[in-house]
Amino acid sequence: MSAQPVQPATPTTDLPIEPRVPERPALEGLEERWDARWNQAQTYRFDTGATRDRVYSIDTPPPTVSGSLHVGHVFSYTHTDIVARYQRMAGKQVFYPMGWDDNGLPTERRVQNYYGVRCDPSLPYEPGFVPPHDGDAKSVKAADQVPVSRRNFVELCERLSGEDEKQFEALWRRLGLSIDWSQTYQTIGSSARAASQRAFLRNLARGEVYQAEAPTLWDVTFRTAVAQAELEDRVTPGAYHRIGFHSLAADKPVYIETTRPELLPACVALVAHPDDARYQPLFGTTVRTPLFDVEVPVVAHRLAEPDKGSGIAMICTFGDVTDVVWWRELHLPTRAILGWDGRLLANPPLGLDSPGGRAVYDEIAGKTPFSARARLVELLGESGDLVGAPTPITHPVKFFEKGDRPLEIVTTRQWYIRNGGLDGGVRAALLARGRELRWYPDFMRVRYENWVEGLTSDWLISRQRFFGVPFPVWYPLDDDGAPDYAQPLAASESSLPVDPSSDTPPGYSPSQRGMPGGFVGDPDVMDTWATSSLTPEIAGGWSTDSDLFARVFPMDLRPQAQDIIRTWLFATVVRSHLEFNSLPFANAAISGFILDPDRKKMSKSKGNVVTPMGLLERHGSDAVRYWAASARLGTDAEFSEGQMKIGRRLAIKLLNASKFALGFLTEGGPRLSPEAVTEPLDRACLAALAEVVERSGAALAEYDHTRALELTETFFWTFCDNYIELIKDRVHGRAGEVAAASARAALGLALDAVLRLFAPFLPFATEEVWSWWHQGSVHLASWPSGGNLREAAAGATRDALDAAGAVLTALRKVKSEAKVSMRAEIESAEIGVPSALFAAADSAHGDIAAAGRTRVLTLTPTNADTPTIIAATLA
RNA sequence: GGGCGCGUAGCUCAGUUGGCAGAGCAGCUCCCUUACAAGGAGCAGGUCACAGGUUCAAGUCCUGUUGCGCCCACCA
């Protein structure tokens, strides 16, 4: 994406230079200026020569390019950037790539709507294809979309994604993400397809993927199988229909209650709980289905719930996943009636033989379940088998998360990856991986464990779609032209990526496609998670750049949202566990969501929608980052422009305080010599800062950015409001040159450290100030050293700073109560100081008196907790 | 039905191994301009959801209750 540089940017020196401070420092324009400079200087470029122990690698979430970025993205990507910037300053080479997710249904739909085309893998590639529309083809009906080959479709996708990527990159740059823009990938790109197919082939060779013909949850709109991870329950209205089955063993009908009477022709048994005395006499007998007159057994199973409906249920093939369990465990026959299109099959199922039953089935064949139900309810009413009126209820129904019609269950041949859903050993190993991974916050681990423990099937990775990564396999055709699915023909790894719909398997010629004795390509594509579960491998250059891969894999960090732990995180762990027998990353940082209770009100009154770029322009990027940084990982945060204003104020304060401090460092270059710091107050300030440096760095190393920011911010306000005020007189030289030099050196040392401390949070303001008096970037400077500051403090504690600040507060209170200006002079004051603080306060006596404009200041030890005003006389 | 998280000042939230309840914002009273009015000083404001228990001592640990949010769960 970015041009290749001649050589990696040299980490430039951060030696101080003669400060050049603007007359009126401002935040405006800093984003454009510094983004351009960082880009030009390759500030964030990953050094591909760094050894693994010096590398910190991040498995960045690839945003879906067909969607749009919102404040939630700004929020969580800022958290990651803070980590990246801290690790870089802590001495690591940071591998911080960016991926674009353009694989999957959202992109497929967007390409269709944008260009007016649809993907048809049976078509040949058409070089130079020009789509019928370019920009708005939403009104084009599905039937009028121009069919194109898969390769053409993928090309259009890449073209469209390219536009989105530019906008996304512009936003990330504006936000100040320190991404290495030479490291980008697309999930539908060639290398991602190759990686996805390579991983599949290796799984296949080791027996970790397999095909099975089995009942599968099926979306009738998209006409594709759906995986367990993509399901969601929606509470949906329905109705219990009480229907009588004719019993040969009992003298009256057996009543079941069902919400899906249209599945009556698919009924293969009735089931009740083995302990249910009402139905025990019927176990082992048979009943006949109403209307269809099919003889079915009455069976017992522990999953039948006595208090649900009438306590006895009909088992159909297949109405729900419980039916599948019953069917499998009780070895029942199959009477499928639903087709891939979600309509009832044209022909009645096996065993539906009576002329009367066939006549009824003919009436509903080809109908949707909805209309078949309506007709059957009529017929059941007429025959007297339906008792009373249906009882309306609401109940949870399974949906594809992107679909809007209930899922059906259809028997199909699919590919599965063994993920522990059916294998206790694999499951235990994956649970162990979950414990091996360090989670931030730790309780998110439970979501992983709950999910793995609740798996009921292997991971279904095939989708009956056209756009996506195809399975790199073909099937030999026998002499009758029937495929032999048991003997798939695998592509060679060196040929990847392949498209079996247009490429030819090894050992065959193109003319043998579809011919007896020839071959046919696997028509399906992989689930999008089957590819995005390989982001560490794709970004890290697995099998394409083994040198890079060895330096970055396993990654150090996976940042991601909490709602895709069961999908993205778990799937990535599965693939890495199978391929490398390791975790794909050592740490997982889980972000919370953004809550916006006032969004409606805000939009209404202001008449505009909150877009990320608008926020950045309105408040400044540092301000928005400050808001994001003030929320902890894993915690939902309130969208708060008020918090952004506070961040903005902080950034401006930083500019102004820096301007003040640097004003005293202009002559003869900045003075950062620790030996010059001799005054107790100055030493105390540096001692306090040393502690902040150490605690803040420790917090960032543990992904606790809120703590780090809070520590730094608290120190900074004390620094501005108390320390600077206390030394103002002295730094001007009114207490002599030695005392002035001490203050100036301390100011310089403190400012230097404070800028580094704030750099991960406020990259623009800190870089701006840094440039006033340093060569190079603050973002390539090292994290400040607490030890150096302690050395300059020469054994002092922070007590003098705290004590002097507290006494100064007392003097300010004198003026505040007298309602006079803080500049007003006090003739004389006697302040009682807690004994424990007395020596510390007394050591800064001159500074306090000067800052408090008190001609005669007397400090007296007392037993009170805080300094108290004993006597004061205004001048 | 199971699990996880949360409940602290008007609002948003800190509160570490139990040791005198904190910050910011909002509010109130003041101070204008020699780094900064997108500034500064001061003040006021809490039954730590509720009920038990452990302890010299509980916002913090244990048990239960309750409210809110999220995740999972088997559609008869």
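Below, chains carry the letters A, B, ... as their sequence lines are ordered, and counting in each starts from 1. If you're wondering where the values come from, they're calculated on a predicted model, not measured in any experiment.
One C1' atom belongs to B:C61, the other to B:G2, and the distance between them is 25 Å to the nearest Å. Between the C1' atoms of B:G53 and B:G46, the separation comes to 25 Å (whole Å). B:U34 and B:G24 are spaced 26 Å apart, taking the P atom of each and rounding to whole Å. To the nearest whole angstrom, the two C1' atoms, one in B:G15 and one in B:G7, are 15 Å apart. B:A58 sits 13 Å from B:G52 when the C1' atoms are compared, rounded to a whole Å. With both ends at atom P, the span from B:A26 to B:C11 equals 15 Å, rounded to whole Å. Taking atom C1' on both nucleotides, B:U17 is separated from B:A35 by 42 Å, rounded to a whole Å. Here, B:U16 and B:G22 have their C1' atoms 14 Å apart, quoted to the whole Å.
Whole-Å rounding puts the A:Arg632 CZ to B:C6 C1' distance at 10 Å. B:G3 atom C1' lies 13 Å from atom CE of A:Met444, rounded to whole Å. If you measure from atom CD1 of A:Ile724 to atom P of B:A41, you get 12 Å, rounded to the nearest angstrom. For A:Trp218 and B:C75, the CH2 to C1' distance is 20 Å, given to the nearest whole Å. Atom CD1 in A:Ile826 sits roughly 16 Å away from atom P in B:C31 (whole-Å rounding). One interatomic measurement links the two molecules: CZ of A:Arg648 to P of B:G39, which rounds to 11 Å at whole-angstrom precision. Computed from coordinates, the A:Leu264 CG to B:C75 P distance equals 20 Å when rounded to whole Å. Rounded to an integer number of Å, the gap from CZ of A:Arg812 to P of B:C31 is 17 Å.
Here B:A38 is the nucleotide among B:A38, B:G3, B:U34 with the atom lying nearest to any side-chain atom of A:Ile652. Side chain of A:Asp320, nearest nucleotide from B:A35, B:C75, B:G42: B:C75. Of the candidates B:A14, B:A35, B:C75, B:C75 carries the atom nearest the A:His395 side chain, counting heavy atoms from C-beta on. Side-chain proximity of A:Glu638 to the nucleotides B:U34, B:U12, B:A35 is greatest for B:U12. With B:C20, B:G3, B:G40 as the choices, the nucleotide that has an atom nearest any side-chain atom of A:Asp865 turns out to be B:C20. Looking at the side chain of A:Ser816, the nearest of the listed nucleotides B:C74, B:G42, B:C71 is B:G42. For A:Trp451, the listed nucleotide lying nearest its side chain is B:A73; candidates were B:A73, B:C74, B:A14. The side chain of A:Arg707 approaches B:A14 more closely than any other nucleotide in the set B:C36, B:A14, B:G42.
Among the atoms of the strands shown, none is found under 4.0 Å from any heavy atom of A:Phe593. Looking at heavy-atom distances under 4.0 Å, A:Trp627 makes no contact with the nucleic acid at all. Residue contacts shown for A:Thr258 are limited to sugar-phosphate atoms, with no base heavy atom under 4.0 Å away. Contacts of A:Val397 with the nucleic acid, taken as non-hydrogen atoms under 4.0 Å apart, include base atoms. Heavy atoms of A:Thr809 sit under 4.0 angstrom from primed sugar atoms or phosphate atoms, though from no base atom. A:Glu725 comes within contact range of at least one nucleobase, with a heavy-atom separation under 4.0 Å. Counting any heavy atom pair closer than 4.0 Å across all strands shown, A:Asp323 reaches no nucleic acid atom. When heavy atoms are screened at a 4.0 angstrom cut-off, A:Glu232 is found touching no nucleic acid atom at all. Residue-level contact check: A:Met314 touches neither bases nor backbone, having no heavy atom under 4.0 Å from any strand. In this structure, A:Glu305 reaches the bases: a heavy-atom distance under 4.0 Å links it to at least one base atom across the strands shown. Residue contacts for A:Cys316: at a heavy-atom cut-off of 4.0 Å it reaches no nucleic acid atom on any strand shown.
Within the shown strands, B:C72 is the pairing partner of B:G1 under the Watson-Crick or G-U definition, both distances less than 3.5 Å. Across all strands shown, B:C31 is found opposite B:G39 as a Watson-Crick or G-U wobble partner, with both distances under 3.5 Å. Under the Watson-Crick or G-U wobble criterion, with both distances below 3.5 Å, B:C48 is left unpaired in every strand shown. Base pairing of B:C25: its partner is B:G10, meeting the Watson-Crick or G-U wobble criterion (both donor-acceptor distances under 3.5 Å).
No more than 12 heavy atoms of other residues, nucleotides or ligands sit less than 6.0 Å from atom CZ of A:Arg328. Within 6.0 Å of CG in A:Asp442 there are more than 12 heavy atoms belonging to other residues, nucleotides or ligands.
On a pure distance criterion of 3.5 Å, a polar donor-acceptor pair joins the side chain of A:Lys653 and the base of B:C36. Evaluation of atom-type donor-acceptor distances gives no pair under 3.5 Å for the side chain of A:Arg823 against the base of B:U33.
Between the CE atom in A:Met444 and the CH2 atom in A:Trp439 there is a gap of 9.0 Å [rounded to 0.5 Å].
A salt bridge links A:Arg648 with A:Glu28: at least one charged nitrogen is closer than 4.0 Å to a carboxylate oxygen. Using a cutoff of 4.0 Å between basic side-chain nitrogens and carboxylate oxygens, A:Arg707 and A:Glu702 are not scored as salt-bridged. By the 4.0 Å N-to-carboxylate-O rule, A:Lys653 lies too far from A:Glu713 to be salt-bridged with it.
In this structure, A:Gln562 does not reach the B:C72 phosphate: none of its side-chain N or O atoms is under 4.0 Å from OP1 or OP2. Using a 4.0 Å cut-off, no side-chain N or O of A:Lys645 falls inside it from OP1 or OP2 of B:G24. Phosphate proximity of B:G24 to A:Ser630: absent, as no side-chain N or O sits under 4.0 Å from OP1 or OP2. Within the 4.0 Å cut-off from OP1 or OP2 of B:A41, not a single side-chain nitrogen or oxygen of A:Lys819 is found. For B:C25, one of the phosphate oxygens OP1 or OP2 lies less than 4.0 angstrom from a side-chain nitrogen or oxygen of A:Arg649. The side chain of A:Lys308 places no N or O atom within less than 4.0 Å of a non-bridging phosphate oxygen (OP1 or OP2) of B:C74. Of the side-chain N and O atoms in A:Arg566, one or more sit less than 4.0 angstrom from OP1 or OP2 of B:C72.
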(request) With side chain to side chain donor-acceptor pair (under 3.5 Å) as the test, would you mind laying out the steps for A:Asp704 and A:Thr706 before giving the verdict? (result) CA-CA 6 Å; A:Asp704 190 353; A:Thr706 56; 3.1 Å; yes
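Looking at which nucleotide of RNA chain B each of A:Phe443 and A:Lys815 is closest to, the 5′-most match is held by A:Phe443.
When atom types are taken as modelled, the side chain of A:Asn722 and the backbone of A:Thr718 share no donor-acceptor pair closer than 3.5 angstrom. A donor-acceptor pair under 3.5 Å is absent between the side-chain atoms of A:Thr635 and the main chain of A:Ala631, judged by distance alone.
Annotation: side chain of A:Thr78 is not in contact with side chain of A:Trp627 (no heavy-atom distance under 4.5 Å).
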